Amino acid sequence: MSAVEAGGVFHRARGRTLDAFSSDKEREWKGPFYFIQGADPQFGLMKAWSTGDCDSGGDEWGQEIRLTELAVQAINKLDPKPKFFVLCGDLIHAMPGVKAVFSGHYHRNAGGTYQDLDMVVSSAIGCQLGKDTHGLRVVVVTAEKIVHRYYSLDELSEKGIEDDLMDLMKKK
């Protein structure tokens, strides 16, 4: 499977688990470590800049996809492995086929629509600045639509994902 499928970017952690992060051994300082920070893959900007049309020329992502794949390959070759990789900054410049953008950092649920693009802001796992509870957003993507729902941590833990969302994932 390539890093890019169905108009979006997906990365797979082949054969890796998060056991180290869920155990007690990660709660105490064990000595120095390192992590990798990447910034601004900004899919679409390279074509936009090369054509001089930064407002509407970013409909091709090929160069940025190749560079992002090279970055992931370089990180995967490192020994020892980094503790984690964080990607920040501008993720996209142009949005061919993108129907929704999901983000956080506002510490409350919010969102809106501009033209045909939904902006969805999920509240925090940690500190809440609004009335929302600590939680996570479940996002189901089908060929026809994107359906999302915010769950409190208690709700998700006790009841799981609701049947209507599960049913969407069963459709081919």
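The model shown is predicted, which means the values in this text are computed figures rather than measured ones. Throughout, residue positions are numbered sequentially from 1 according to the sequence presented.
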Handout entry: Within 6.0 Å of CE in M119, more than 12 heavy atoms from elsewhere
Key = yes
Problem - Sidechain-backbone polar pair: E155 side chain, G160 backbone, donor-acceptor under 3.5 Å - result: no
Exercise for the section: Would you mind reporting whether H107 and C127 have side-chain heavy atoms less than 4.5 Å apart? Expected result: yes
Practice task
For Q73 and L70, indicate whether the former's side chain and the latter's backbone hold a donor-acceptor pair under 3.5 Å.
Solution key: no
Handout entry: Passing option when E69 is tested against L67, I65, V72 for side-chain contact (heavy atoms from CB on, under 4.5 Å)
Key = I65
Handout entry: Other residues, nucleotides, ligands: >12 heavy atoms within 6.0 Å of Y114 OH
Key = no
Exercise for the section: Can you establish whether the number of heavy atoms outside Y106 located under 6.0 Å from its atom OH is more than 12? Expected result: no
Exercise for the section: Find out whether E162 and Y151 are in side-chain contact, i.e. whether some heavy atom of one side chain is under 4.5 Å from a heavy atom of the other. Expected result: yes
Practice task
For residues H148 and V120, determine if any side-chain heavy atom of one lies less than 4.5 Å from a side-chain heavy atom of the other.
Solution key: yes
Completion exercise
Rounded to the nearest 0.5 angstrom, the CD-CG distance for Q42 and D40 is 5.5 Å
Exercise for the section: Please examine the side chains of V141 and L168, heavy atoms only from C-beta on, and report whether any two atoms are closer than 4.5 Å. Expected result: no
Handout entry: N/O donor-acceptor pair under 3.5 Å between Q37 side chain and F85 backbone
Key = no
Exercise for the section: Look only at the side chain of Y150 and the backbone of T133, and say whether a donor-acceptor pair between them is shorter than 3.5 Å. Expected result: yes
Exercise for the section: Inspect the contact between R149 and D164 and indicate whether a charged nitrogen and a carboxylate oxygen are less than 4.0 angstrom apart. Expected result: yes
Practice task
Check whether F43 and L117 end up in the same hydrophobic cluster, where Ile, Leu, Val, Met, Phe, Trp and Tyr are linked by side-chain heavy atoms less than 4.5 Å apart.
Solution key: yes
Problem - Any donor-acceptor N or O pair under 3.5 Å, side chains S123, N109 - result: no
Handout entry: I125 side chain near H134 side chain, heavy-atom distance below 4.5 Å
Key = no
Problem - Minimum side-chain heavy-atom gap Y34-P80 below 4.5 Å - result: yes
Handout entry: Min side-chain heavy-atom separation L136-L153 under 4.5 Å
Key = yes
Practice task
Kindly compute the distance separating CZ (R66) from CE (M46), expressed to the nearest 0.5 Å.
Solution key: 7.0 Å
Problem - Interatomic distance, L129 atom CG to R108 atom CZ [nearest 0.5 angstrom] - result: 5.5 Å
Practice task
Evaluate side chain to side chain contact (heavy atoms under 4.5 Å, CB included) for R137 paired with V139, printing each intermediate quantity in order.
Solution key: CA-CA 6 Å; R137 184 169 304 277; V139 182; 4.0 Å; yes
Exercise for the section: Examine V147 and F102 and state if one hydrophobic cluster contains both, with Ile, Leu, Val, Met, Phe, Trp and Tyr joined whenever side-chain heavy atoms are less than 4.5 Å apart. Expected result: no
Fill in the blank from the handout: Shortest non-hydrogen pair, F35 vs F84, comes out as CB-O, 3.2 Å
Practice task
With the side chain counted from C-beta on, respond yes when I36 and L78 share a heavy-atom pair under 4.5 Å apart, and no when they do not.
Solution key: yes
Exercise for the section: May I ask you to decide if L156's main-chain N or O and E158's side chain share a donor-acceptor pair within less than 3.5 Å? Expected result: no
